[in-house]
Protein chains: 2
Amino acid sequence: MCNRHSGDKKGSGCRCGGGLPVEKFMQPCLLILLKQRSSHGYDLLQQLTEFGFSERLDPGSVYRTLRRLEDEGLVTSHWDVGEGGPARRLYSLSDEGEEMLHAWAVHIRQQRKRMDAFLERYQSIFGKQD
Amino acid sequence: MCNRHSGDKKGSGCRCGGGLPVEKFMQPCLLILLKQRSSHGYDLLQQLTEFGFSERLDPGSVYRTLRRLEDEGLVTSHWDVGEGGPARRLYSLSDEGEEMLHAWAVHIRQQRKRMDAFLERYQSIFGKQD
DNA sequence: CCCTCTATATGTATATTGCCTATAAGGATT
DNA sequence: AATCCTTATAGGCAATATACATATAGAGGG
């Protein structure tokens, strides 16, 4: 098993071969979360569990992905030195990011079709209950 | 666009960010094809279009993936020097490969759920027709 | 003072990716 | 026989992606 599966322990090793890479799928999830409301990395890290990411998801991956999204102009950020606690970087979705979100939706629907093609063939061989 | 999307031209460049890497998803597709009947790389290359792979899918990727599956003991192969044409390497699914196929089915169903979670949220924001 | 929680960021070894090119057999065309 | 296409397999490589570990730092509790 691997930490790509929700609920897995960190560092348990992975032999399953993955499928959907963590950081890649994280991108559209972050974009859609930021479409709903602007937020900072640590908060987004926790919201990501709603999309099936592990509760032990590596924070470094989230911050790195956010920086990359900013490099690509899909999100913007500014420092938020507010009421107590360390300073946080507040991210917002850009217009370009919203466009990319639509592109991702198309892409993900395609991927899902491919998975359905696989699962249908699988069930036609092994049966539904398997 | 990129050659991950079926119908794309080879070498047209990719800025979409992918999602499901070609060679990763190719693995369960090859296993299920080999479950149905033993076959060789070039034939499998063409059968893969049934799972949404591009008709211009790079043959090198297919052969490399097959070799990797063999290294992992999921498939076996032997040379088939038969009636006309170049020699072909005939691949068959191993017992271990069939087990891995079941593991993949579980995994892909999980991935599908995650995509559904994304698409549902997407539709709740932008509407179904979008 | 130490520990935990919040919060952000970097380093690194290894694996994976897409693309290009090489090799070779056989058949058809010129 | 020379050229070309199709079938068939394989290796190289630069760039990127990955998982995991580690660094930094503020604030609050015990």
Side-chain angles (χ1 to χ4, degrees), chain A residues 1-5 8-27 30 39-47 53-72 77-91, chain B residues 1-5 8-27 30 39-47 53-72 77-91:
Chain A
M1 301 298 279
C2 70
N3 75 353
R4 289 166 175 170
H5 304 150
D8 282 358
K9 280 188 210 160
K10 198 172 177 176
S12 52
C14 174
R15 292 285 98 218
C16 72
L20 226 161
V22 169
E23 289 195 26
K24 267 286 147 62
F25 186 59
M26 197 190 291
Q27 289 180 34
L30 289 172
S39 192
H40 60 280
Y42 194 83
D43 181 43
L44 291 163
L45 169 69
Q46 290 165 322
Q47 289 189 69
F53 289 90
S54 166
E55 285 155 40
R56 289 170 173 102
L57 175 64
D58 175 39
S61 296
V62 179
Y63 292 116
R64 186 189 346 182
T65 304
L66 284 166
R67 302 295 231 125
R68 176 148 53 203
L69 291 174
E70 190 170 22
D71 286 344
E72 292 170 5
S77 81
H78 65 267
W79 283 102
D80 175 25
V81 198
E83 2 74 63
R88 48 177 65 165
R89 194 185 279 275
L90 194 73
Y91 285 95
Chain B
M1 302 297 279
C2 69
N3 75 353
R4 288 164 175 170
H5 305 146
D8 281 359
K9 281 188 210 162
K10 198 171 178 178
S12 53
C14 175
R15 291 286 98 220
C16 73
L20 225 162
V22 170
E23 289 193 28
K24 267 286 147 60
F25 186 61
M26 198 191 293
Q27 288 180 35
L30 289 172
S39 191
H40 59 280
Y42 193 83
D43 182 44
L44 291 163
L45 169 68
Q46 291 165 323
Q47 289 189 69
F53 288 91
S54 167
E55 287 156 39
R56 288 165 173 106
L57 174 64
D58 177 41
S61 297
V62 179
Y63 293 115
R64 184 182 6 184
T65 304
L66 285 167
R67 301 294 231 133
R68 175 144 56 203
L69 292 174
E70 190 169 22
D71 287 344
E72 291 169 6
S77 79
H78 65 267
W79 282 105
D80 176 25
V81 198
E83 3 73 64
R88 47 178 65 167
R89 195 184 279 275
L90 194 73
Y91 285 95

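No hydrogens, no waters, no symmetry mates; every other heavy atom, side chains included, goes into these values. All chains are named by letter (A, B, ...) in the order of the sequence lines, taking the proteins before the strands, and each is independently numbered beginning at 1.
- Where A:Arg64 and A:Ala87 meet DNA chain C, the nucleotide closest to each residue was compared, and A:Ala87 sits on the side nearer the 5' end.
- Distance CZ (B:Arg68) to P (C:dT16): 5 Å, rounded to an integer number of Å.
- The side chain of B:Tyr63 lies closest to D:dA10, out of D:dA17, C:dT8, D:dA10.
- Nearest heavy-atom pair across A:Tyr91 and A:Glu70 is CE2-OE1, 3.9 Å.
- Both B:Ser61 and B:Gln46 lie near DNA chain D, and the one whose nearest nucleotide falls closer to the 5' end is B:Gln46.
- Nucleic acid contact for A:Gly41: sugar-phosphate only, since backbone atoms but no base atoms lie under 4.0 Å from a heavy atom of the residue.
- Look at CG on B:Leu45: it is 13 Å from P on D:dA10, rounded to the nearest Å.
- When distances run from any side-chain atom of A:Trp79 to the nucleotides D:dA10, C:dA9, D:dT9, the shortest one goes to C:dA9.
- The distance from atom NZ of B:Lys24 to atom C1' of D:dA19 is 12 Å, rounded to the nearest whole Å.
- Taken to the nearest 0.5 Å, the CG atom of B:Asp71 stands 12.5 Å off from the CZ atom of B:Arg64.
- Taking atom CG of B:Asp80 as the reference point, atom C1' of C:dG26 lies 15 Å away to the nearest angstrom.
- The interatomic distance linking B:Tyr42 (OH) with D:dT6 (P) rounds to 8 Å, in whole Å.
- Counting to the nearest Å, the C1' atom of D:dT9 and the OH atom of B:Tyr91 are 8 Å from each other.
- Residue A:Arg67 places no side-chain N or O under 4.0 Å from the OP1 or OP2 atom of C:dT8.
- Considering only heavy atoms from C-beta on, A:Arg89 comes within 4.5 Å of A:Arg67 through its side chain.
- Rounding to the nearest 0.5 angstrom, the gap separating the CG atom in B:Leu66 from the CD atom in B:Gln27 is 10.0 Å.
- As rounded to whole Å, 11 Å separates atom P of D:dA10 from atom CG of B:Asp71.
- Distance from the side chain of B:Pro86 is smallest to D:dT7 among D:dT9, D:dC13, D:dT7.
- Here C:dG18 presents its C1' atom at 11 Å from CE of B:Met26, a figure rounded to the nearest Å.
- Taking both residues in full, the closest heavy atoms of B:Tyr63 and B:Gly41 are given as CE2-CA, 3.7 Å, listed atom of the first, atom of the second, then distance.
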